[in-house]
Number of protein chains: 2
Amino acid sequence: MKVLTKNTDYAIRALLALAAKKGCFISAKSIATEHDIPYQFLRRLLQEMIRHNLIVSKEGVQGGFMMEKDPDEITVTELIEIFQGKVQVSECMFRKQICGNRARCVLRHEIMRIESVVQSEFEKVTIGKLLRDLESANQVTQ
Amino acid sequence: MKVLTKNTDYAIRALLALAAKKGCFISAKSIATEHDIPYQFLRRLLQEMIRHNLIVSKEGVQGGFMMEKDPDEITVTELIEIFQGKVQVSECMFRKQICGNRARCVLRHEIMRIESVVQSEFEKVTIGKLLRDLESANQVTQ
DNA sequence: TTTAATTGATACCAATATAGTATCAGTTAA
DNA sequence: TTAACTGATACTATATTGGTATCAATTAAA
Ligand code: FES
Ligand code: FES
């Protein structure tokens, strides 16, 4: 069971690259080569993130992509939702036969509780936090 | 993003059916019809659960499947691992370029922390617990 | 003003995972 | 002897994921 797919994985890495150079326009090509992400795949992800107002773009020579939203406000939960759809444990376990009362269903409550725990854990992890972790890790090893 | 696939969903339901009639052999056919699970699909899941010593079977007429392991010892985590593979957030985010030091990688720590949170949440949910929830829910509604 | 570097948009393809079906041999209670 | 069962395994269909290709539009710079 994979929690993060390539979409999300690559998107996080691209955002880290942009966050590290906030205010500058960085081309998709340079991000792709520097971070070992398939170019056309990355392009699609970047366009999707524009639609969600995480980043902005500039066309033409010297163009590229730039961080728009505050990195500390971009959570992994948000990225998962964009690229993998909303986290849901199960559409609705135990339909029909077993579970007659959807509203009061104890199982459903159990499931929803877990859903919210998972989500809140991923919400604690923001691009901003990851970037700081990354930078301090690099200092140690250099 | 779906956390539980049909495999796991059906397996849980089948186990609940068996746990509710502990000590008896129940045929795959009756479980399938009563709980609206595709018969051949269910058969495969049951065989897989035999291999993992969750249940046992008896061949021939009046045969079927019976709970083997204590329902309170069967966690949703275990079922996810059987049917969807071990929970892993990402194979290894930020390989190569960014992350030179696998052992000390802060990002990796962050990811592993979340992994363990997710796992421990699902470990709290056992077949035994679900069954009791289910039974008390049924009492209320009847 | 031409050109090369760029994004926008979109269609396509390949690989893998998920969901479901079919078949036939072997076992066993009735 | 037979019908109700499981064991084993192969097959198919569909969806998701991962990746590639193409071409038009834009723009800084030569
Ligand atoms: S599990 Fe869906 S309503 Fe109870
Ligand atoms: S993310 Fe894999 S070692 Fe750092």
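From a predicted model like this one, the values you see are computed outputs, not experimental measurements. A, B, ... follow the sequence lines: proteins, then strands. Residue 1 opens every chain.
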Q: Please state how far atom CZ in F83(A) lies from atom C1' in dG19(D), giving the value in whole angstrom units.
A: 15 Å
Q: Using whole Å, report how far CZ of F41(A) lies from C1' of dT20(D).
A: 11 Å
Q: Round to the nearest Å and state the distance from R43(A) atom CZ to dT22(D) atom P.
A: 14 Å
Q) Considering only dT10(C), dT23(C), dG20(C), which nucleotide approaches the side chain of Y10(B) most closely? A) dG20(C)
Q) What nucleotide among dG18(D), dT7(C), dT9(D) has an atom nearest to a side-chain atom of Q47(B)? A) dT9(D)
(Q) Tell me the interatomic distance from Q84(A), atom CD, to dT18(C), atom P, rounded to whole angstroms. (A) 13 Å
Q.
In whole Å, I'd like the distance from the CE atom of M49(A) to the C1' atom of dG8(C).
A. 15 Å
Q: Starting at atom NZ of K58(B), determine the distance to atom P of dA4(D), rounded to an integer number of angstrom.
A: 16 Å
(Q) Checking the side chain of R13(A) only, and the main-chain atoms of H35(A) only, is there a donor and an acceptor separated by less than 3.5 Å? (A) yes
Q) Looking only at side-chain N and O atoms, does K6(A) come under 4.0 Å of OP1 or OP2 in dT16(C)? A) no
Q) Which is true for Q40(B) with a 4.0 Å heavy-atom rule: it touches a base, it touches only sugar-phosphate, or it touches nothing? A) base
Q) With respect to the phosphate group of dT16(D), does any side-chain polar atom (N or O) of T5(A) fall under 4.0 Å of OP1 or OP2? A) no
Q. Closest to the R44(B) side chain: dT9(D), dA29(C), dA29(D)?
A. dT9(D)
Q) From the list dG18(D), dT27(C), dA5(C), which nucleotide is the closest neighbour of the side chain of E59(B)? A) dT27(C)
Q) Does R44(B) make a cation-pi contact with F41(B), if we ask for NZ or CZ under 6.0 Å from the ring centre and within 45° of the axis? A) yes
Q | Verdict with supporting geometry, T75(A) and I127(A), side-chain contact (heavy atoms from CB on, under 4.5 Å) | A | CA-CA 6 Å; T75(A) 67; I127(A) 296 298; over 6 Å; no
Q) Can you tell me if the side-chain N/O atoms of K2(A) get under 4.0 Å from OP1 or OP2 in dG18(D)? A) yes
**Q.** D72(A)/R132(A) salt bridge by N-O under 4.0 Å criterion
**A.** yes
Q. Using a cut-off of less than 4.0 Å, is there contact between a side-chain N or O of Y39(B) and OP1 or OP2 of dT6(D)?
A. yes
Q) Are OP1 or OP2 of dA4(D) and a side-chain N or O of S27(B) less than 4.0 angstrom apart? A) no
Q: Using whole Å, report how far CD1 of I50(A) lies from P of dT7(C).
A: 9 Å
Q. Can you tell me how far P of dG7(D) sits from CZ of F65(B), to the nearest Å?
A. 5 Å
Q. Quick one: do the T126(A) and E73(A) side chains pair a donor with an acceptor below 3.5 Å?
A. no
Q: Return the nearest nucleotide to the side chain of V61(B); candidates are dT28(C), dA8(D), dT7(C).
A: dT28(C)
